Amino acid sequence: MSIDAAPESAETPKPSNFIRDIILQDLQNGKHGGRVHTRFPPEPNGYLHIGHAKSICLNFGLAQEFGGKCNLRFDDTNPSKEETEYVDSIIEDVRWLGFDWEDRLFYASDYFEQLHDWAVQLIRAGKAFVCDLTAEQVREYRGTPNEPGKESPYRNRSVEENLDLFARMRAGEFPDGSRTLRTKIDMASPNFNLRDPVMYRILHAEHHRTGNQWCIYPMYDYTHGESDSIEGITHSICTLEFEDHRPLYDWYVENLGIHHPQQIEFDRLNLTNTMLSKRKLLMLVQKGIVSGWNDPRMPTLSGMRRRGYSPEAIRQFCANIGVSKTNGIIEFSLLEYYLREDLNARAARVMAVVDPIKVIIDNYPEGETEQLEAVNHPDHPEMGNRLVPFSKTLYIERDDFREDPPKQYYRLSPGREVRLRYAYFITCQRVVKDPVTGEVLEIHCTYDPATRGGNAPDGRKVKSTIHWVSAEHALDMEARIYENLFLAEGGGDDDFLASLNPNSLVKMAGKIEPSVRTAPAGTRYQFERVGYFCIDPDSSPAGLVFNRTVALRDTWAKIDKAQKPKG
RNA sequence: UGGGAGAUCGUUCAACGGUAGGACAGCAGACUCUGACUCUGCUUAUCGGGGUUCGAAUCCCUGUCUCCCAGCCA
């Protein structure tokens, strides 16, 4: 019984935002001929994470809403950091999230020749020059926030000399870092981006697509606007840190006299206790702190997919977090809310015990087995029923028994009667303990045969219903219980490794009802009263492995914690 | 002590000169063969100071705080 057996939870209408308002206004004014064309422009230097999902949903969502188009374009101008593996993963992840770029899969590297020609055009117009300053010298010449920069001594080379030098840069005559092509703008500008920014640098590196065809590579600022322009992008949506780059973006398309898309900046996603820096995520992978980019603890889309997140839940989250220019941090519980909302509506229910303790029904016949009927989803009768085996020896959750029940605890304890879900009422008679450690080893109970199926003919009530599995029939499983990778709210911004959560992964030896035996990896379930779980790719019939996607909300845990504030 | 941007419940988004509203979180109940789900109710906010106006979160002035920018990264 897979999650897909249930209908999708409805996606509610998205709230508006300032970018949508701008587009609405542009449409009204007939700007861009009434077209809406966006793009999602990842650099293939890492895996996509939940922060990218916000951008993907925004760009593709806006295009969808206004009958426009959204391209997928790789911003691959730095061969030293980019790899095909990342390209492949990004394509897979955007698709998985549920978006389609049709035949519009592009690469900035597709435009290298055009970009080069435009650079020549700028040189001819006296607006670009080849500079022989070293990287350190360029930094010194750039000035500081308080003082203007100094002009490069090479700034006034003749057009002919610049043309010649640039051609030789391309031809590979010069070593890495020896020269750059720079735009001639204004070394006194208060905006550093306009202090004669570098357009091309020399990099004798193999590019994942163009191989060794080039040894000069264009910089982001020189590439991005033109790529947008070539593709006929109308609204170029990016994050806040590019606000200072907009004047340069505008400068290039204006001075080249080409189609001028409008750059609009919005706030990137921040999530509590979550680190969303590709650089640091890469470090976690390289240091082996996580098992890979798709470790279920990673905030990457591939990690979340493996963990059991549904694309619908992520989309719903992205649609509701809002888009603004405020630098904020979203509480992780909001993501979990949308996750649970989707999973609750769709995941088949099953009984599994994550931390088992043995229960023996003393008055139940030895060797007997009954098949008891359980519903697969309380809200979806069409998902059907299944039979769950019951016998004399069972496992229940260790946490569902207390020898000394605290106030408001109404699960199993000595002398108390509870219901075994879909089965019988049982009453705890006594416990067997380890004589040395005092640990409870077995709980002995009696059952009331008249309560078969879970209802008492005399109408008596029990305070609690607990889940169980039959010891003889249950399957062994490993339950991987995850918590946030980072303890610090900011995701450990500063010394992020110091903030690592030592309990981010705990493996439990659990037991699960046999109905899941043949389910494929990726199947999502609700373990009743415990949480949502998903079969991990590591799982096999010989060794079932489940990832806890998210726990169920747990009111009792709150009460319990409040009662003993030590925690 | 340059430039750019932003400040509204604990968090986040809205209100676009006319009753500060929603979501999450929290708290209290109801319901329940999942202490889940669902439902009901409640608490809590306009960064400070001046103006303009019948009326200001919104307009003006001023101050404060936060974020981003000195890669041949994106």
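Naming convention: chains lettered A, B, ... in sequence-line order (proteins, then strands); numbering from 1 in each chain. These numbers were taken from a predicted model, which means no experiment stands behind them.
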Mind checking who B/rG48 pairs with, Watson-Crick or G-U wobble, both distances under 3.5 Å? B/rU62
With rounding to the nearest 0.5 Å, note down the distance linking CG in A/Asp196 to CZ in A/Arg182. 5.0 Å
Between A/Gln563 and A/Gln408, the two heavy atoms sitting closest are NE2-NE2, 3.5 Å
Would A/Asp228 and A/Tyr249 count as a side chain to side chain contact (heavy atoms under 4.5 Å, CB included) here? Give the steps. CA-CA 10 Å; A/Asp228 284 344; A/Tyr249 182 106; 2.7 Å; yes
Using a heavy-atom cut-off of 4.0 Å across all strands, would you classify A/Arg349 as base, sugar-phosphate, or nothing? base
Member of A/Glu513, A/Glu397, A/Glu528 meeting the side chain to side chain donor-acceptor pair (under 3.5 Å) criterion with A/His467: A/Glu397
N/O-N/O pairs, protein side and nucleotides 37-47 of chain B side, under 3.5 Å:
{"unit_1": "B/rC37", "atom_1": "O2'", "unit_2": "A/Asn344", "atom_2": "ND2", "d": "3.2"}

Reckon A/Leu248 touches a base, only the sugar-phosphate, or nothing at all at heavy-atom distances under 4.0 Å? nothing
Taking only the side-chain heavy atoms of A/Asp244 (C-beta and beyond), determine which of B/rA36, B/rA74, B/rG3 contains the nearest atom. B/rG3
Between B/rU34, B/rG3, B/rC72, spot the one nearest the side chain of A/Asn191, thanks. B/rG3
Please measure how far the P atom in B/rC68 lies from the corresponding atom in B/rA56, and state the result in whole Å. 36 Å
Is the base of B/rG49 syn or anti, where syn means the angle lies within 90° of 0? anti
Could you give the distance from CZ (A/Arg340) to CD (A/Gln526), rounded to the nearest 0.5 Å? 11.0 Å
Paired to B/rC67 by Watson-Crick or G-U wobble criteria (both distances under 3.5 Å) is B/rG4
Among B/rC27, B/rA70, B/rA23, which is the nearest nucleotide to the side chain of A/Tyr338? B/rA23
Mind checking the P distance from B/rA14 to B/rC54? Whole angstroms is fine. 31 Å
Checking B/rA74, B/rC68, B/rC72 against the side chain of A/Ala135 (C-beta onward), the nearest is B/rC72
For the residue pair A/Phe129 and A/Tyr154, what are the closest heavy atoms and their distance? CD1-O, 3.5 Å
Could you state the atom-to-atom distance from CG of A/Leu240 to P of B/rC67 in whole Å? 13 Å
Would you say whether A/Tyr220 stacks on B/rA74? The test is a distance between ring centres of less than 5.5 Å and an angle between planes of less than 30°. no
When the nearest nucleotide of RNA chain B is assigned to A/Val198 and to A/Arg419 on a heavy-atom basis, which residue is associated with the more 5' position? A/Arg419
Quote, to the nearest angstrom, the P distance that separates B/rG10 from B/rU44. 10 Å
Picking from B/rG2, B/rC72, B/rU34, which would you name as closest to the side chain of A/Met219? B/rC72
When you check the phosphate oxygens OP1 and OP2 of B/rA74, does a side-chain N or O of A/Arg279 lie under 4.0 Å from one of them? no
To check you understand the geometry: which heavy-atom pair defines the closest contact between A/Pro356 and A/Gly510, and what is its length? CG-CA, 4.2 Å
Return no unless some side-chain N or O of A/Arg529 is found under 4.0 Å from OP1 or OP2 of B/rG35. yes
OG1/A/Thr223 to CG/A/Asp75 distance, rounded to the nearest 0.5 angstrom? 7.0 Å
Taking N or O atoms only and anything under 3.5 Å, show me the protein contacts with nucleotides 9-13 of chain B, one pair per line.
{"unit_1": "B/rG10", "atom_1": "N2", "unit_2": "A/Glu331", "atom_2": "OE1", "d": "3.1"}
{"unit_1": "B/rU11", "atom_1": "O4'", "unit_2": "A/Glu331", "atom_2": "OE2", "d": "3.1"}
{"unit_1": "B/rU11", "atom_1": "O3'", "unit_2": "A/Ile329", "atom_2": "O", "d": "3.3"}
{"unit_1": "B/rU11", "atom_1": "O2'", "unit_2": "A/Ile329", "atom_2": "O", "d": "2.9"}
{"unit_1": "B/rU12", "atom_1": "OP1", "unit_2": "A/Ile329", "atom_2": "N", "d": "3.2"}
{"unit_1": "B/rU12", "atom_1": "O2'", "unit_2": "A/Ile321", "atom_2": "O", "d": "3.1"}
{"unit_1": "B/rC13", "atom_1": "OP1", "unit_2": "A/Ser324", "atom_2": "OG", "d": "2.6"}

Report the distance from atom OG of A/Ser178 to atom CG of A/Leu133, rounding to the nearest 0.5 Å. 12.0 Å
Can you tell me the base-pairing partner of B/rG35? Count Watson-Crick or G-U wobble geometry only, both distances below 3.5 Å, and say none if there is no partner. none
List the atom of A/Ala108, the atom of A/Thr77, and the distance in Å for their closest heavy-atom pair. CB-CG2, 4.1 Å
Tell me which nucleotide among B/rG2, B/rG35, B/rG71 gets nearest to the side chain of A/Arg142. B/rG71
Nucleotide of B/rG3, B/rC73, B/rG35 approaching A/Pro190 most closely (side-chain heavy atoms): B/rG3
Can you tell me if A/Arg268 has over 12 outside heavy atoms packed within less than 6.0 Å of its CZ? no
Specify the residues of residues 75-83 of chain A, ordered by number, for which at least one heavy atom lies under 4.0 angstrom from an atom of RNA chain B. A/Asp75, A/Thr77, A/Asn78, A/Lys81
Roughly how far apart, to the nearest Å, are B/rC13 and B/rG6 at atom C1'? 15 Å
Nearest-Å distance once atom P is located in both B/rU43 and B/rG55: 29 Å
B/rG21 versus B/rG2 - spacing of their P atoms, nearest Å: 40 Å
Tell me which nucleotide, if any, is Watson-Crick or G-U wobble paired with B/rA14 when both distances must be under 3.5 Å. none
Residue matched to B/rC27 through Watson-Crick or wobble contacts both under 3.5 angstrom: B/rG41
Side chain of A/Arg139 only, please: which of B/rA70, B/rG35, B/rA5 is the nearest? B/rA70
Steps toward ring-ring contact (aromatic ring centres under 6.0 Å, His included) verdict (A/Tyr86, A/His208): CA-CA 10 Å; A/Tyr86 298 133; A/His208 69 104; 9.7 Å; no
Please report the distance, rounded to the nearest Å, between OH in A/Tyr422 and P in B/rU34. 8 Å
Is there a donor N/O on one and an acceptor N/O on the other, under 3.5 Å, for the side chain of A/His467 and the base of B/rA36? no
A/Phe129 CZ - B/rC72 P separation (whole Å): 12 Å
What distance, rounded to whole Å, do you find between the two C1' atoms, one in B/rU32 and one in B/rA25? 24 Å
Look at all strands and tell whether A/Asn193 reaches a base, only sugar-phosphate, or nothing, counting heavy atoms closer than 4.0 Å. nothing
With a non-hydrogen cut-off below 4.0 angstrom, is A/Lys463 in contact with a base, only sugar-phosphate, or nothing? nothing
If you only use heavy atoms from C-beta on, which nucleotide in B/rG71, B/rC69, B/rU34 is closest to the side chain of A/Pro378? B/rU34
Ignoring hydrogens, what is the shortest heavy-atom contact between A/Lys184 and A/Trp251? Give both atom names and the distance. O-CZ2, 4.1 Å
If you check the A/Glu43 side chain, which of B/rC16, B/rC73, B/rC68 turns out closest? B/rC73
Would you measure the distance from the P atom in B/rA20 across to the matching atom in B/rU52 and give it in whole Å? 22 Å
Could you pull out the closest heavy-atom pair between A/Lys463 and A/Tyr410, with the gap in Å? O-CD1, 3.1 Å
Counting heavy atoms not belonging to A/Lys325, are there more than 12 under 6.0 Å from its NZ? yes
